[in-house]
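Can you keep this structure in mind? I'll have questions shortly.
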Protein chains: 2
Amino acid sequence: MTPRADHLTVEVVDLIGTVVARYHEEYEHAASQHSLTGAQARVLGLLSAEPLPMRRIAQRLKCEPSNITGIVDRLESRGLVERRPDPADRRVKLAAPTDEGRRTAEALRGSLHFAREPLSRLTVTERTLLKELLQRMLGTAPE
Amino acid sequence: MTPRADHLTVEVVDLIGTVVARYHEEYEHAASQHSLTGAQARVLGLLSAEPLPMRRIAQRLKCEPSNITGIVDRLESRGLVERRPDPADRRVKLAAPTDEGRRTAEALRGSLHFAREPLSRLTVTERTLLKELLQRMLGTAPE
DNA sequence: TCCTGATGCTTCAGTAACTGAAACAACCAT
DNA sequence: ATGGTTGTTTCAGTTACTGAAGCATCAGGA
């Protein structure tokens with residue numbers, strides 16, 4: 001009963017691959033419309049929710065902290081992000097979006113077509129169904 | 001009737017974002033287990049289906065041809081890919097996997113857990129449903 | 001046949017993303 | 001205070017990527 005590579009599963013995986021590719025395309029496109037790289041857009045998006053220490057950003061993005069230094073440098077030199085001291089720990093630097101950074105992050109979210117265009121082909125019932133299937137798949141289903 | 005940012009849609013988009021992130025993680029991980037970068041793995045995967053001119057690889061990966069030169073260079077220097085002349089057009093070079101390249105591509109496919117692990121949480125009926133929803137969403141539904 | 005323009009690949013310069021090691025400051029427990 | 005740990009940066013080195021320039025080849029006319 002081990003469906004090593006049954007036809008249906010392969011088809012679904014292929015579809016997910018297509019979704020991933022399209023999502024990426026759109027994300028990079030939206031980012032470059034605001035003169036950001038994908039990595040910069042991801043960091044800015046994270047920070048727009050909440051200022052974070054460098055180290056946490058690296059954890060979220062699953063990369064080395066030394067990498068984040070450079071990305072935040074570039075965002076900072078463009079006035080989208082600033083580094084603040086952490087009052088609780090003087091080793092830590094908190095990266096926080098500036099007002100302009102927040103505006104850019106907002107605009108970025110808005111230009112992400114992926115939210116609207118492909119999903120608009122589904123009815124509300126179908127969207128709910130899709131949501132539940134994805135939750136089960138990801139193991140994040142509420143019990 | 002423009003669901004600008006209705007709650008359900010946002011939730012689904014978030015879930016898709018999670019799927020995308022997890023897919024990428026696994027892909028990069030699988031690639032690095034074979035000492036390949038993500039880009040190299042993608043090119044090798046493409047070629048394992050069929051040898052291709054540089055130009056076509058660039059189109060598929062949506063990047064500049066000059067970029068592909070470097071990636072294929074690295075694959076070639078590791079003996080996974082070779083460049084052959086195209087008998088029909090002497091300008092063209094076909095990139096084709098070597099035997100070892102084919103074996104590596106095969107092993108890579110095998111170590112892609114994403115195919116099995118998350119989907120195994122769904123029943124056959126659910127998988128079929130998911131397939132249909134994704135097809136409709138991507139606009140590739142068979143009418 | 002000889003131009004001429006388009007096409008396919010590479011080379012080059014320049015930037016961004018990334019890793020891993022080393023350095024430094026500040027933290028924390030003894 | 002000592003010493004180990006942690007957070008950030010710096011540095012060297014690799015890969016991925018773009019855009020411009022160059023070279024060879026092709027394909028269509030005059």
Side-chain angles (χ1 to χ4, degrees), chain A residues 21 24-25 27-47 50-78 80-96, chain B residues 21 24-25 27-47 51-78 80-96 104:
Chain A
H24 249 83
E25 250 173 80
Y27 196 89
E28 295 290 322
H29 180 69
S32 78
Q33 281 192 323
H34 297 274
S35 308
L36 293 172
T37 64
Q40 288 166 11
R42 269 185 293 280
V43 169
L44 187 57
L46 264 185
L47 298 183
E50 159 195 42
L52 290 173
M54 307 282 119
R55 163 187 117 267
R56 287 246 167 279
I57 305 177
Q59 285 168 348
R60 294 272 198 105
L61 265 58
K62 296 192 204 298
C63 66
E64 301 300 317
S66 60
N67 187 15
I68 302 300
T69 298
I71 298 175
V72 170
D73 278 354
R74 273 158 236 135
L75 285 171
E76 195 170 28
S77 76
R78 289 190 35 197
L80 300 174
V81 154
E82 63 179 7
R83 275 180 243 238
R84 299 186 198 146
D86 180 340
D89 186 337
R90 277 185 305 170
R91 289 170 302 180
V92 173
K93 288 177 192 163
L94 294 172
Chain B
H24 248 83
E25 250 175 80
Y27 196 90
E28 294 291 320
H29 180 70
S32 79
Q33 281 193 323
H34 298 275
S35 307
L36 293 172
T37 65
Q40 288 165 10
R42 270 185 291 280
V43 169
L44 188 56
L46 265 185
L47 298 183
L52 289 173
M54 306 284 120
R55 166 186 116 267
R56 288 245 166 280
I57 304 176
Q59 286 168 346
R60 294 272 199 104
L61 264 57
K62 298 192 201 300
C63 67
E64 301 300 316
S66 60
N67 187 16
I68 302 300
T69 299
I71 298 175
V72 170
D73 279 354
R74 274 157 236 136
L75 286 170
E76 194 170 29
S77 76
R78 292 191 32 199
L80 300 175
V81 153
E82 63 179 7
R83 275 180 242 239
R84 299 185 199 147
D86 181 340
D89 186 337
R90 279 185 304 171
R91 289 171 301 181
V92 173
K93 289 176 192 165
L94 294 172
T104 303

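So you know, we letter chains A, B, ... as the sequences are listed, proteins then strands, and number each from 1.
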Rounded to the nearest angstrom, tell me the gap between atom CG in B:Asn67 and atom P in C:dT11.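 After rounding, the gap between these two atoms is 14 Å.
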Please figure out whether B:Lys62 or A:Pro53 has its closest DNA chain D nucleotide nearer the 5' end. A:Pro53
Could you tell me whether B:Arg83 contacts a base, only the sugar-phosphate backbone, or nothing, with contacts defined as non-hydrogen atoms closer than 4.0 Å? sugar-phosphate
Interatomic distance where CZ belongs to B:Arg56 and C1' belongs to C:dT7 [whole Å]: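 That distance rounds to 12 Å.
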Look at the side chain of A:Ser66 and decide which nucleotide, out of C:dA21, D:dA16, C:dC9, has an atom nearest to it.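 That would be C:dA21.
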Report the nucleotide, chosen from C:dT10, D:dT18, C:dC27, that has the shortest atom-to-atom distance to any side-chain atom of A:Asp89.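 That would be C:dC27.
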Return the value, rounded to whole Å, for the distance between atom CD of B:Glu64 and atom P of D:dT15. 21 Å
Measuring from the side chain of B:Ile71 (C-beta onward, heavy atoms only), which nucleotide among C:dC9, D:dA16, D:dT8 has the closest atom?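 It is D:dA16.
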note: B:Leu61, atom CG; D:dA16, atom P; distance rounded to Å ~ 11 Å
How close or far is atom P of C:dT15 from atom CZ of A:Arg78, stated in whole angstroms? 15 Å
Where the side chain of B:Val92 is concerned, which of C:dG8, C:dA17, D:dA16 is the nearest nucleotide?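 Of C:dG8, C:dA17, D:dA16, C:dG8 is nearest to the side chain of B:Val92.
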Ignoring hydrogens and angles, are the base of D:dT25 and the side chain of B:Arg90 linked by a donor-acceptor pair under 3.5 Å?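 Result: no qualifying N/O pair found.
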Heavy-atom closest pair, residues B:Leu94 and B:Pro85: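 Looks like CD1-O, 4.3 Å.
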Keeping the roles fixed (side chain from A:Arg78, backbone from A:Ser35), state whether a donor-acceptor pair exists under 3.5 Å. yes
Smallest separation among heavy atoms of B:Cys63 and B:Asn67, with atom names: SG-ND2, 3.6 Å
With sugar-phosphate meaning primed atoms plus P, OP1 and OP2, does A:Ile68 contact a base, only sugar-phosphate, or nothing at under 4.0 Å between heavy atoms?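 Nothing, no nucleic acid heavy atom in range.
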Let me know the distance between CE of B:Met54 and P of D:dT25, rounded to the nearest Å. 17 Å
Identify whether any heavy atom of B:Thr37 sits under 4.0 Å from a base atom; if not, whether one sits that close to sugar-phosphate; answer base, sugar-phosphate or nothing.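 Sugar-phosphate: the residue B:Thr37, judged by heavy atoms under 4.0 Å, touches backbone atoms but no base.
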So which one's nearest nucleotide on DNA chain C is more toward 5', A:Arg42 or A:Arg91?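 So the residue in question is A:Arg42.
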So with a 6.0 Å cut-off around CZ of A:Arg83, is the heavy-atom count from everything else above 12?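 Above 12, so yes.
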If I take atom NE2 in residue B:His24 and atom P in nucleotide C:dA17, what distance separates them, rounded to the nearest angstrom?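 Nearest whole value for this atom pair: 15 Å.
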Is B:Ile57 close to B:Ile71 at the side-chain level, that is, under 4.5 Å between some pair of heavy atoms? no
B:Asp86 CG - C:dT7 P separation (whole Å):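 Whole-Å distance recorded here is 17 Å.
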Which is more 5' along DNA chain D, the nucleotide nearest B:Cys63 or the one nearest A:Arg55? Just name the residue. A:Arg55
